[in-house]
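Note sheet for the following structure.
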Amino acid sequence: MFTELFTRKTPVHVRDVYLYNTESKKKEVFTPLNDKEVKMYSCGPTVYDYAHIGNLRSYVFADIVKRVLIRNGYPVNHTINLTDFGHLTSDGDEGEDKMMKGLKRDGLPVTLDSMRQLSTRYIKAFENDIDELRIIHPASWARASDYIKKQISLIKTLEEKGFTYETSDGLYFDISQFPKYGRLGKINLKKLKSGARVEVNSEKKHPADFAVWKKGKLGWDSRWGKGFPGWHIECSAMAMDTLGKQIDIHTGGIDHIPVHHNAEIAQSEAVTGKTFAKYWIHNAFLSIDKTKISKSLGNTITMRNLMDRGFTGDDYRYWLLTAHYRSPIDFSWEALTSAKQALFRLKRYVYEDFKQKTATPSIEYLEKFDDRIADDFDTPGAIAVLWEMIKDSKLDDKTKCGTLMSMDEVLDIGLSDNLQEGTRSLGVIAVDDLSEEIQALIDEREVARIARNWDVADILREKIKLKGYELEDTAHGPKVTKANTE
Ligand code: AMP
Ligand code: ZN
């Protein structure tokens with residue numbers, strides 16, 4: 001097993017880390033289950049499409065949790081799962097399945113092989129997003145279809161222990177056998193029961209019972225017939241396989257609390273008889289122009305979309321970190337533009353003014369910064385300390401730069417790139433020997449881009465490509481390079 005270790009380059013006093021536990025509804029001091037490593041599991045994306053910027057908030061948040069723990073002396077063993085096959089239903093055991101939607105959309109046949117093909121495509125795209133956002137890769141990327149046997153074996157144990165019942169369409173977890181069901185809250189079992197008339201599946205004993213196996217024409221063979229494991233079981237199986245029966249921290253977005261995480265607890269604890277996760281932490285949602293992100297509303301924004309408009313992963317990461325993870329945030333291009341300008345100023349200090357020359361960091365400011373960020377990952381508080389330090393006329397440039405470098409070990413917003421890279425990312429990249437025709441096309445495209453006329457901008461980018469040049473939007477304007485014609 002691989003455990004990530006991290007060498008702290010600058011002197012920071014380790015301190016207690018506090019986190020808000022969804023289960024106790026309190027801020028608690030973090031104490032690990034063992035002193036070797038912290039076991040952390042994050043619910044990953046369903047890889048049927050590009051991740052949207054709301055999904056990415058979850059992984060930037062998990063990255064900060066991990067870095068803060070590492071900085072304070074805890075090695076972290078981290079798993080993120082990838083949901084790469086469907087469950088024949090939506091996440092709530094009804095409606096249309098996301099993978100099926102993805103297959104239809106991309107014109108692929110409904111087979112296990114094409115699900116694998118489809119998900120491979122979006123896993124690659126997701127990993128690109130992760131890299132663009134400087135998120136440290138987990139020790140394990142757990143792909144659900146690689147863990148079918150483990151899932152079946154967990155389901156068998158649940159059945160043998162009497163926690164399930166079979167219906168015509170699957171095998172269900174019987175919540176009446178697990179009295180502590182719903183411990184994380186956000187679910188009203190009594191109300192659900194009284195509204196049971198609207199329940200689509202009349203064979204279920206309680207509306208909150210959930211599928212651990214779904215029968216179907218497609219899928220894997222099992223003693224309950226051909227089909228798919230239920231969605232929730234994959235997380236229990238992969239967390240236990242990669243990390244063990246008990247984990248320290250489980251992360252995810254707040255939408256997972258009522259059904260998915262309550263179900264994960266029930267299944268895992270029914271099998272092991274032990275507490276599954278010690279701390280449950282959840283990020284609040286991101287909306288766009290005050291509207292929920294939804295495919296049907298067509299308001300989805302991806303990392304690629306941000307980059308097409310000239311923003312970088314650093315800009316988005318910085319903007320996300322200026323809000324606390326438990327506060328809902330509303331995305332707007334204006335807000336992201338302001339964040340980009342602020343980050344640009346910071347990078348300018350580091351690369352142009354300070355020329356990245358460092359001295360021992362200011363312990364006073366680092367202590368304040370680390371106090372803030374170890375207090376339930378208060379990134380806005382920590383960033384406020386950063387700016388206070390920059391503006392402090394009593395500190396010399398080298399001390400400021402050294403302090404920024406240390407802060408960037410946690411924030412990782414691009415202040416520690418090598419000097420050349422950093423300086424380059426600040427300036428507009430000019431290509432002198434461009435013909436007037438190409439220059440005119442680039443200018444025309446820039447006008448379209450600023451006017452957010454994306455269709456026209458894309459057509460112009462293609463035209464430029466046909467003339468033998470690649471055009472890439474960088475943080476500070478379009479960068480043009482000769483296309484590789486070899
Ligand atoms: P999914 O692919 O739907 O399972 O989502 C992947 C991760 O993104 C999960 O942790 C979700 O809770 C989280 N998530 C989904 N939508 C949003 C949103 N709008 N804002 C923040 N997190 C989200
Ligand atoms: Zn999960």
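Ligands are counted one by one from 1 in listed order, and the atoms in each one are counted from 1 as well.
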**OP:** Tell me which part of K98 gets within contact of ligand 1: side chain, backbone, both or neither, using heavy atoms under 4.0 Å.
**Re:** side chain
Original post:
Where do H261 and H282 land on the ring pair (Phe, Tyr, Trp, His ring centres under 6.0 Å) test, with the steps shown first?
Top reply: CA-CA 11 Å; H261 288 167; H282 293 98; 5.0 Å; yes
**OP:** Could you tell me whether some N/O pair between T46 and ligand 1 is separated by less than 3.5 angstrom?
**Re:** yes
**OP:** Compare every heavy atom of A208 with every heavy atom of Y181, then report the nearest pair and how far apart it is.
**Re:** OH-O, 4.3 Å
Subject >> Atoms of ligand 1, numbered as shown, that sit under 4.0 Å from any heavy atom of S58 >> reply: 7 (C), 8 (O), 9 (C), 10 (O), 13 (C), 22 (N)
Original post:
Does at least one non-hydrogen atom of S287 fall below 4.0 angstrom from an atom of ligand 1?
Top reply: no
**OP:** Might you work through the salt bridge (charged side-chain N to carboxylate O under 4.0 Å, His left out) test for D376 and K27, ending with a clear yes or no?
**Re:** CA-CA 7 Å; D376 196 26; K27 212 192 273 182; 5.5 Å; no
Subject >> Sidechain N-carboxylate O distance under 4.0 Å for D412, R317 >> reply: no
Subject >> Proximity to ligand 1 by part of F61, non-hydrogen separation under 4.0 Å >> reply: neither
**OP:** Check each atom of ligand 1 against the heavy atoms of A284 and keep those under 4.0 Å away; list them by number with element.
**Re:** 21 (C)
Original post:
For ligand 1, is there an N or O atom under 3.5 Å from any N or O atom of I254?
Top reply: no
**OP:** Decide whether an N or O pair under 3.5 Å exists between F285 and ligand 1.
**Re:** no
**OP:** Just the protein N/O/S atoms under 2.8 Å from the Zn ion (ligand 2), please, no waters.
**Re:** C43 SG, C235 SG, H260 NE2, E264 OE2
Original post:
Got W220 and S145 here, is their nearest side-chain heavy-atom distance under 4.5 Å?
Top reply: yes
Original post:
Any heavy atom of H52 sitting closer than 4.0 Å to ligand 1?
Top reply: yes
Original post:
What closest approach, in Å, do V410 and I373 show between heavy atoms, and which atom pair accounts for it?
Top reply: CG1-CD1, 3.9 Å
Original post:
Does G44 come within less than 4.0 Å of ligand 1, judged by its heavy atoms?
Top reply: yes
Original post:
Parallel under 30°, tilted from 30 to 60°, perpendicular over 60°: which one fits the rings of W333 and W454?
Top reply: tilted
Original post:
Taking all non-hydrogen atoms of both residues, which atom of A323 and which atom of T379 are closest, and how far apart?
Top reply: O-OG1, 3.4 Å
Original post:
So is there a nitrogen or oxygen of G252 less than 3.5 Å from a nitrogen or oxygen in ligand 1?
Top reply: no
Original post:
Hey, does the Lys NZ or Arg CZ of R57 hover above the aromatic six-ring of F285, less than 6.0 Å from the centre and inside 45° of the axis?
Top reply: no
Original post:
Salt bridge between E166 and K215, side-chain N to carboxylate O under 4.0 Å?
Top reply: yes
Original post:
Parallel, tilted or perpendicular: which describes the rings of W231 and H260, with under 30° parallel and over 60° perpendicular?
Top reply: parallel
Subject >> Selected option - heavy-atom contact closest to atom 8 (O) of ligand 1, from N283, N55, V60 >> reply: N55
Original post:
Is K26 close enough and on-axis enough to Y20, meaning under 6.0 Å and within 45°, for cation-pi?
Top reply: no
Original post:
Side chain, backbone, both or neither: which part of D255 comes within less than 4.0 Å of ligand 1 when only heavy atoms are counted?
Top reply: side chain
